[in-house]
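Working notes for the structure below.
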Amino acid sequence: MAITIATWNINSVRLRIGIVEQFLAAESPDVLCLQEIKTIDDSFPRKALIEAGYPHLAIAGQKGYHGVAIASKLPFKTVEKDDWVAMGDARHLRVRFEDGLLLDNFYIPAGGDEPDPVANPKFDHKLKFLREMVAWGERRRASEKRAIVVGDFNVAPLEHDVWSHKKLLDVVSHTPIETNLLGEVQAAHDWVDAVRHFVPPSEKLYSWWSYRAADWNAADKGRRLDHIWVTPDLAGGLVSTRTLREARGWEKPSDHVPVMLTLEV
DNA sequence: ATGGTAGTCGCACTA
């Protein structure tokens with residue numbers, strides 16, 4: 001069976017439920033993983049998603065900040081959320097589907113402006129979060145052979161995941177300490193970068209453009225912060241990926257666009 | 001080198 005999974009940092013799901021519905025109607029993924037829903041669970045727009053054909057909802061919300069959710073056509077067998085770095089932040093959800101397939105949805109901390117863990121506690125938090133993910137991968141690697149991890153990782157790991165490798169080497173999201181650490185996370189579970197499986201690393205590819213640019217499209221100073229990784233056992237079933245650049249130009253857009261993967265499971 | 005925009009039960013914080 002082929003399934004399609006989408007991941008999208010929506011930057012307030014209540015404000016943007018209209019473009020979520022538009023996206024689901026147009027693309028009809030089986031599963032949508034959202035980050036930065038910016039709402040408590042009770043205010044999550046459940047009805048809109050159920051009516052759009054996504055009756056299975058897992059929500060990890062918090063007031064004002066962060067928050068992740070998974071909306072699915074397929075039922076879940078289990079739902080879990082981990083408290084990473086013991087911060088109490090809503091940055092993670094895990095669901096297992098009925099066939100055993102495992103899906104983790106992450107919103108990794110952005111890390112603030114200064115790439116110094118001593119001067120900047122938010123950067124320290126981000127590094128600790130990534131280190132916990134390394135240990136998590138090592139723990140599960142032997143037992144979880146059919147797993148997918150998606151989300152806003154807030155790291156653009158490759159040279160062509162940013163508009164200028166040289167200019168961004170000291171900019172949080174592309175510093176060597178972060179890209180090396182994300183490499184350790186990837187190696188810890190042998191994750192395959194499903195998007196770069198199809199788009200060669202020599203080709204520029206972005207999933208985020210700052211709101212602060214006067215003309216995001218013309219300047220095109222993007223970064224690839226949103227990712228979909230699969231275990232080696234699933235990599236043989238990879239069918240296609242899409243990164244919906246046009247969504248950045250929609251009415252009242254998120255600063256991130258949806259990233260999608262279709263695979264045989 | 002700076003400041004630019006967006007969202008959230010605001011008067012600050014996160015991104």
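Numbered from 1 within each chain, the chains take letters A, B, ... in sequence-line order. Remember, it's a predicted structure, so these values are computed and weren't measured experimentally.
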Positive for side-chain contact (heavy atoms from CB on, under 4.5 Å) with Ile148(A), one of Leu234(A), Val31(A), Thr231(A): Leu234(A)
Protein-nucleotides 1-5 of chain B N/O pairs closer than 3.5 Å?
{"from": "dG4(B)", "atom 1": "O6", "to": "Arg212(A)", "atom 2": "NH1", "distance (Å)": "3.3"}
{"from": "dG4(B)", "atom 1": "N1", "to": "Arg212(A)", "atom 2": "NH1", "distance (Å)": "3.2"}
{"from": "dT5(B)", "atom 1": "O4'", "to": "Tyr211(A)", "atom 2": "O", "distance (Å)": "3.3"}
{"from": "dT5(B)", "atom 1": "N3", "to": "Arg212(A)", "atom 2": "NE", "distance (Å)": "3.4"}

Check this for me, if you would: do Asp220(A) and Lys204(A) make a salt bridge, where the nitrogen-to-carboxylate-oxygen distance has to be below 4.0 angstrom? no
In whole Å, what separates the [atom1] atom of [N] from that of [M]?
N       : M       : atom1 : value
dG7(B)  : dG3(B)  : P     : 22 Å
dA6(B)  : dT2(B)  : P     : 23 Å
dC9(B)  : dC13(B) : C1'   : 14 Å
dT14(B) : dA1(B)  : C1'   : 24 Å

List in chain and number order the residues that pass side chain to side chain donor-acceptor pair (under 3.5 Å) with Lys77(A), two or more places apart in sequence or in another chain; answer none if no residue qualifies.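 None.
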Using whole Å, what does the distance between atom P of nucleotide dA6(B) and atom NE2 of His256(A) come to? 15 Å
Review item, side-chain donor-acceptor pairs of residues 164-171 of chain A, under 3.5 Å, at least two apart:
{"from": "Ser164(A)", "atom 1": "OG", "to": "Lys167(A)", "atom 2": "N", "distance (Å)": "3.1"}
{"from": "His165(A)", "atom 1": "ND1", "to": "His174(A)", "atom 2": "NE2", "distance (Å)": "2.8"}

Classify the nucleic acid contact of Lys221(A) as base, sugar-phosphate or nothing, counting any heavy atom under 4.0 Å across all strands shown.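 Touches nothing.
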Under the ring-ring contact (aromatic ring centres under 6.0 Å, His included) test, residues paired with Phe153(A) that sit two or more places apart: His227(A), Trp229(A)
Who passes ring-ring contact (aromatic ring centres under 6.0 Å, His included) against Phe123(A), sequence neighbours left out? none
Between Ser173(A) and Glu178(A), does the side chain to side chain donor-acceptor pair (under 3.5 Å) criterion hold? Intermediate values first, please. CA-CA 7 Å; Ser173(A) 73; Glu178(A) 292 166 85; 5.6 Å; no
Does the side chain of Arg91(A) get closer than 4.0 angstrom to OP1 or OP2 of dT14(B) through an N or O atom? no
For Arg16(A) and for His66(A), find the nucleotide of DNA chain B with the closest heavy atom, then tell me which residue's nucleotide is more 5'.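 Mapping each residue to its closest nucleotide by heavy atoms, the 5'-most match is Arg16(A).
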Filtered N/O pairs between nucleotides 9-11 of chain B and protein, under 3.5 Å:
{"from": "dC9(B)", "atom 1": "OP2", "to": "Arg14(A)", "atom 2": "NH2", "distance (Å)": "2.5"}

